[in-house]
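Input: a single structure, listed below in structure tokens.
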Number of protein chains: 2
Amino acid sequence: MAQRRTGHVTMLDIARACGFSVSTVSLVLTEARLSANVAEKTRQKIRAMAQKLGYHPDAYARSLRSRRSGTIGVLAYDLSDPFCIPIVRGIQAGLQSANYLPLLMDAQTERKLFDSYLKMILERRAEGVIVIASWVFEEANLLADIEKNHVPIIIVGRDLTGRRISSVLVDNEAGGALALRHLHQLGHRKIAVIRGPEELFDSEPRWAGVRCAAAETDIQLDPRLVFQLPSLVDPMSGFDGGRQLAGQMLASGRTFTGVVAFDDLTALGVMRGLAEAGVRVPEECSVVGFDDVLPSAVSTPGMTTIRQPLRQMGLQAAAWTLEALEPSEEDGRQVARIQMLPPELVLRNSTGRPRPKIRERRRPTQKTQLQESV
Amino acid sequence: MAQRRTGHVTMLDIARACGFSVSTVSLVLTEARLSANVAEKTRQKIRAMAQKLGYHPDAYARSLRSRRSGTIGVLAYDLSDPFCIPIVRGIQAGLQSANYLPLLMDAQTERKLFDSYLKMILERRAEGVIVIASWVFEEANLLADIEKNHVPIIIVGRDLTGRRISSVLVDNEAGGALALRHLHQLGHRKIAVIRGPEELFDSEPRWAGVRCAAAETDIQLDPRLVFQLPSLVDPMSGFDGGRQLAGQMLASGRTFTGVVAFDDLTALGVMRGLAEAGVRVPEECSVVGFDDVLPSAVSTPGMTTIRQPLRQMGLQAAAWTLEALEPSEEDGRQVARIQMLPPELVLRNSTGRPRPKIRERRRPTQKTQLQESV
DNA sequence: TTCTACTATTCGAACGTTTGAAATGTCAAT
DNA sequence: ATTGACATTTCAAACGTTCGAATAGTAGAA
């Protein structure tokens, strides 16, 4: 009954309904300092009426007036990539404690969308922006606009300190090395490697880590066993790539007992490709992934992989963003920082010792490795 | 230089910088009807200055004035459930064409969060709400508030027409029947079933569908081969449940050649459990899932499953929401509608004919089913 | 010159809140 | 009666936009 053209209940509605002014209503409902002066009876009346009418403050009006949106834009390049979710969770957790709300956007791997969402984040007056990205910003323009409007920005999953943007990411090189060393320790010497697509930032350092670890040991990486994923468009294309490359590996005629894949989806593709050719994992060939996303935890055999501390990365990004909002920070021209978090080997069942001379049935091999860290 | 206390560039900044009034700037930048009157030279000057200063309109001020937020709240019960993402994608696609922005929130399976996000959606003046939920609303209060504020609400994944909320969901019963019939057609007669947790809406109708299809055929469902998942807290618990129940199935001593699992994660758990016991899928036992989420597309063997038209469901929800915003709709008191979309059998490699008498090696069996619809 | 008819621009109020300053009412002390 | 002190409530301006109404500027017609 008391509503205006828009369906929303406002303070004016409450004020009229119980005979006070909007100011008084505001004082009471926001529990401002001055509300201490308001008579207890009045306070109760107003609160009851707010409850009764189903009043909720208008965040727009409030933000406009208070010049704070309480919002941090979070722009993910592709929410369907299971990689993103734990990062988002970390961000959520980090912001929650400071009472900031993440404004979550999903660019769906479309740069056009990415740009338009970044614009929206700016329009919605997010006080900071966290970008979860694999590729670079197309429009340097927008980046400049972000600066012009003094909105702090942090990127997760890439090193953009070169552009003076603080970056949080995993130590890809260490991860690549971890993967290779793991296979080495198990006894593998002939190892195939699938490098990531060229346009992905992670590809190069992971490959560097693999090479570096190979050099440390007695492993010779056979160039004919080094493959490269074509550029990827969605999470499934990594899988398809891995599956096809597994076929090429076998067709190459070179012997190998282990595969280091660029990421988990690729590794799952490799497992599929090997299975289709009748090669058993891990008995005849070990496979290591990278990321530790949900699908590799629930595959059979469980995927041995290099875990990125995704949640941790999200927490760090949130913490830095909030820090950048502190007034103390505002004057001292802050520099772009970088944090590389250490990856972690997750042992599951896709890796094992290379094929023993006496060909056993598969059961015993699997049983020995049954303790999981899913 | 021209910025005020808050770091954002405003129309006033532009107006001052090029000597016009805020009104003129507004006319030009919004390309309002009246901007036709503004001199071409003026328009260019203003646009150039806006560009130069990195101006972005303040969505808060704009929405306050125009009484439209251009926003639809989308509240997912758990974004880490791969089930949610395609729905969200569908919603995004449906809203995009109408220039509405989804305000995406992730309740992380926490009811407290769920409620507080619903409140925020209300405060941010979303013009409509789409809820992706498995469980019911805790606080009927909030639901009432939504009504009081005349915000249309639609739910995806549950039937809440009883509460006068329009609902979009898959036809679970048809899906359950589809799964059982598929196994029946392949020749299976001894089939184990894993029912979903009791508190999940989908559990009952899926089970009804299975029973119904069994009655249609000559299949006797052995009660000792019907299991029930404990209540689940996160996506992984379905997997763990399936894995354990697979063990129980085998321990029961009853013979079975096929398993209908409540959902994909459960089915993946079953596959793991069977593998750990040395039972091969699909040669010795077929497994059918439900949902068709990413992990079942990339498992080995690929999971045969009942696909929910998730994207479709999102699109439908978006369409209804937008429809409810039409002024024409506003007077005619709309009733709660329900749409049950048909599920679809996705054939992959986790199902096959029951074990033939002559025990073959696995390759041929797998090759015959190699055409996939990933 | 005065009037009409434009064109180009600005005024000013409104959207729902917040909040320092001001107003009102009450009562006791001078 | 006047003043001050205090408790309670309201005024009014501001946040950045939008947009109908008003104004200023120019020019052609009477």
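Below, chain A is the first sequence line, B the second, and so on; all start at residue 1. Only heavy atoms go into these numbers, but all of them, side chains included; no hydrogens, no water, no symmetry mates.
- The side chain of A:Arg62 contributes an N or O atom lying less than 4.0 Å from OP1 or OP2 of C:dT18.
- Residues B:Gln44 and B:Glu40 have side chains that bring a donor and an acceptor to within less than 3.5 angstrom of each other.
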For nucleotides 9-13 of chain D, print each protein N/O atom paired with a nucleotide N/O atom at under 3.5 Å, atom names and distance only.
| from | atom 1 | to | atom 2 | distance (Å) |
| --- | --- | --- | --- | --- |
| D:dT9 | OP1 | A:Thr42 | OG1 | 3.0 |
| D:dT9 | OP2 | A:Ala39 | N | 3.2 |
| D:dT9 | OP2 | A:Thr42 | OG1 | 3.2 |
| D:dT10 | OP2 | A:Ser21 | N | 2.9 |
| D:dT10 | OP2 | A:Ser21 | OG | 3.1 |
| D:dT10 | OP2 | A:Thr24 | OG1 | 2.7 |
| D:dC11 | N4 | A:Ser23 | OG | 2.9 |
| D:dA12 | N6 | A:Ser23 | OG | 3.2 |

Next item on the list: Applying salt bridge (charged side-chain N to carboxylate O under 4.0 Å, His left out), run through A:Arg337 and A:Glu323 and close with a yes or a no.
Entry: CA-CA 12 Å; A:Arg337 292 182 284 183; A:Glu323 208 175 285; 2.8 Å; yes
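- Going from atom CG of A:Leu64 over to atom C1' of D:dT18 covers 13 Å, rounded to whole Å.
- With rounding to whole Å, B:Arg68 atom CZ is found 18 Å from D:dT17 atom P.
- Taking atom CZ on B:Arg67 and atom P on D:dC19, their separation rounds to 13 Å, with Å as the unit.
- Here C:dA8 presents its C1' atom at 16 Å from CD of B:Gln44, a figure rounded to the nearest Å.
- Residue B:Ile14 contributes atom CD1, which lies 12 Å from atom C1' of D:dT17 at whole-angstrom precision.
- Listed by first and then second residue, the salt bridge (Lys or Arg N to Asp or Glu O under 4.0 Å) pairs involving residues 95-108 of chain A are A:Asp106-B:Arg89 (not counting sequence neighbours).
- Annotation: of the two residues near DNA chain C, A:Arg33 and A:Tyr60, the 5′-most nearest-nucleotide partner is A:Tyr60.
- A:Ser26 comes within contact range of at least one nucleobase, with a heavy-atom separation under 4.0 Å.
- Within 4.0 Å of A:Ser63, counting heavy atoms only, lies no atom of the nucleic acid at all.
- Of the two residues near DNA chain D, A:Glu40 and B:Ala61, the one whose nearest nucleotide lies more 5' is A:Glu40.
- If you take CG of B:Leu29 and C1' of D:dC19, they are 15 Å apart, rounded to a whole angstrom.
- When each of A:Val88, A:Leu310, A:Ile87, A:Leu169 is checked for a side chain to side chain contact (heavy atoms under 4.5 Å, CB included) with A:Val156, only A:Ile87 meets the rule.
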Can you list, pair by pair, the side-chain donor-acceptor contacts under 3.5 Å of residues 45-52 of chain B, counting residues two or more places apart and other chains?
none

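- Atoms NE2 (B:His8) and C1' (D:dC15) sit 13 Å apart, rounded to a whole Å.
- Side-chain contact check for A:Ser26 and A:Ser23: no donor-acceptor pair (N or O, by modelled atom type) lies under 3.5 Å.
- In this entry the distance linking CD of B:Glu31 with P of D:dT17 reads 16 Å, nearest Å.
- Donor-acceptor pairing under 3.5 Å is lacking for the side chains of A:Arg16 and A:Thr10.
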